[in-house]
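Because the structure is a prediction, the values reported are computed rather than measured.
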Amino acid sequence: VQLQASGGGLVQAGDSLRLSCAASGRTFSNYAMGWFRQAPGKEREFVGIINSDGGSTDYPGALKGRFTISRDNAKSTVYLQMNSLKPEDTAVYYCAAATSYYYRDGAKYSYWGQGTLVTVSS
């Protein structure tokens, strides 16, 4: 699976932003899709995951209620809707494909996109 993330940019605190990740190659609907982020000087962080049919999602507690993942299997695309953005959300955001919905460790993901930079100004 080839993954192409897009939609990043510079926004102000409190704004919303939607990231997209378009997939090509292998059957997109076979994979759970996760989002991760990495801020400068920090370790990669799990942002959330959606299962293969879009019926289940999971997020770290700190992001629940602000971030929402959805997918459109007909378009082979997964989305990350981010609301009420904060400066601490500034990071490069990556989408990744996994063979299991229960994977939270990025090392277990099979395919990665190139990342898109989100910068939130205060």
Co-membership, hydrophobic cluster, residues Val120 and Leu117, 4.5 Å side-chain: no
In one Ile/Leu/Val/Met/Phe/Trp/Tyr side-chain cluster, 4.5 Å: Leu80, Leu63: yes
Side-chain donor or acceptor of Asp15 paired with backbone N/O of Lys86 under 3.5 Å: no
Closest non-hydrogen atom pair, Thr90 against Pro40: O-CD, 4.5 Å
Separation of Lys64 NZ from Arg66 CZ (nearest 0.5 Å): 14.0 Å
Flag for Thr77-Asp72: side-chain donor and acceptor within less than 3.5 Å: no
Thr57 vs Thr68, side-chain contact (heavy atoms from CB on, under 4.5 Å): CA-CA, chis, key distance, verdict: CA-CA 8 Å; Thr57 55; Thr68 303; over 6 Å; no
Test item: Arg18 side-chain N/O and Gln81 main-chain N/O as donor-acceptor pair under 3.5 Å: no
Whether Gln12 side chain and Ser122 backbone form a donor-acceptor pair below 3.5 Å: no
pair Ser16-Leu85: side-chain heavy atoms closer than 4.5 Å: no
Main-chain N/O of Tyr102 paired to Ser100 side chain as donor or acceptor, under 3.5 Å: yes
Partner of Met33 by side-chain contact (heavy atoms from CB on, under 4.5 Å), out of Asn51, Val1, Ile50: Ile50
Distance (rounded to the nearest 0.5 Å) between Ser52 OG and Asn73 CG: 7.5 Å
Closest heavy-atom pair and its distance - Ile49, Ile69: N-CD1, 3.3 Å
Minimal non-hydrogen separation, Leu19 against Gly8, with atom names: CD2-N, 3.6 Å
Side-chain donor-acceptor pair present, Tyr93, Arg37, cut-off under 3.5 Å: yes
Taking every non-hydrogen atom, the tightest pair across Leu3 and Ala96: CD1-CA, 3.8 Å
Lys/Arg cation over aromatic Tyr109: Arg104, 6.0 Å, 45° cone: no
Heavy-atom closest pair, residues Arg44 and Ala107: NH2-N, 3.8 Å
Transitive ILVMFWY side-chain link Met82 to Val78, under 4.5 Å: yes
Full working for side-chain contact (heavy atoms from CB on, under 4.5 Å) between Phe28 and Arg71: CA-CA 10 Å; Phe28 176 72; Arg71 67 189 295 162; 3.2 Å; yes
Where Val47 and Tyr59 come nearest, the two heavy atoms and their spacing: O-CD2, 3.7 Å
From CD (Glu88) to NZ (Lys42), nearest 0.5 Å: 8.0 Å
Shared hydrophobic cluster, Phe46 / Phe67 (ILVMFWY, side-chain heavy atoms < 4.5 Å): no
Straight-line distance of Tyr79 OH to Cys21 SG, nearest 0.5 Å: 10.5 Å
Mutual orientation of the aromatic rings belonging to Phe36 and Trp112 [parallel < 30°, tilted 30-60°, perpendicular > 60°]: tilted
Side-chain touch Gln38/Glu45, heavy atoms, less than 4.5 angstrom: no
